[in-house]
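Heads up: the structure comes next, in structure tokens.
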Amino acid sequence: MGIGVRLFEDRNYDAALTEFERAYELAPNYKALYNIAQTNSQLQRYADARRAFERYLRDGGKEIGDKRRAEV
């Protein structure tokens, strides 16, 4: 489990977001966008969350299962 996930689980959302964004900068992967979106949502930054979710869906394409796609 990564540091960002632990911080998220501890409800330290600001620090978690920093970790998720840094991880995405170092190694862009659509999966990190989901974590970024979820964390922005917890911080009530809904526009940022929506943008991250939309990019997650776009970048993940067919790799994202139907259940997750419906959830997003």
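At least one donor-acceptor pair under 3.5 Å links the side chain of Thr39 to the backbone N or O of Asn35. Proximity of a side-chain donor or acceptor of Asn29 to a complementary backbone N or O of Lys31 within less than 3.5 Å is detected.
For the pair Arg68 and Tyr34, the cation-pi criterion (under 6.0 Å, within 45° of the ring axis) is fulfilled.
Electrostatic pairing of Glu19 and Arg22 counts as a salt bridge here, judged by a charged N lying under 4.0 Å from a carboxylate O. Between Arg69 and Asp66, no side-chain nitrogen of the basic residue sits less than 4.0 Å from a carboxylate oxygen of the acidic one, so the salt-bridge criterion is not met. Ion pairing of Arg55 with Asp48 is absent here, as no side-chain N (NZ or NE/NH1/NH2) approaches a carboxylate O to less than 4.0 Å. A salt bridge is defined here as a Lys NZ or Arg NE, NH1 or NH2 lying under 4.0 Å from an Asp or Glu carboxylate O, and Glu54 with Arg50 meets this definition.
Annotation for Ala52 and Ile36: closest pair CB-CG2, 4.1 Å, computed over non-hydrogen atoms.
In this pair, Tyr30 and Tyr56 present their aromatic rings tilted. The plane angle is within the 30 to 60° band.
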(request) Report the C-alpha distance between Arg51 and Asn40 in whole Å, list the side-chain angles of each, state the deciding distance to 0.1 Å, and finish with yes or no for side-chain contact (heavy atoms from CB on, under 4.5 Å). (result) CA-CA 10 Å; Arg51 280 190 291 276; Asn40 273 312; over 6 Å; no
(request) Could you walk me through whether Phe20 and Leu33 pass side-chain contact (heavy atoms from CB on, under 4.5 Å), step by step? (result) CA-CA 8 Å; Phe20 292 142; Leu33 293 167; over 6 Å; no
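Once rounded to the nearest 0.5 Å, the distance linking CD1 of Ile64 with CG of Asp59 reads 8.5 Å. Here OH of Tyr13 is found 9.5 Å from CD of Gln38. Values are rounded to the nearest 0.5 Å.
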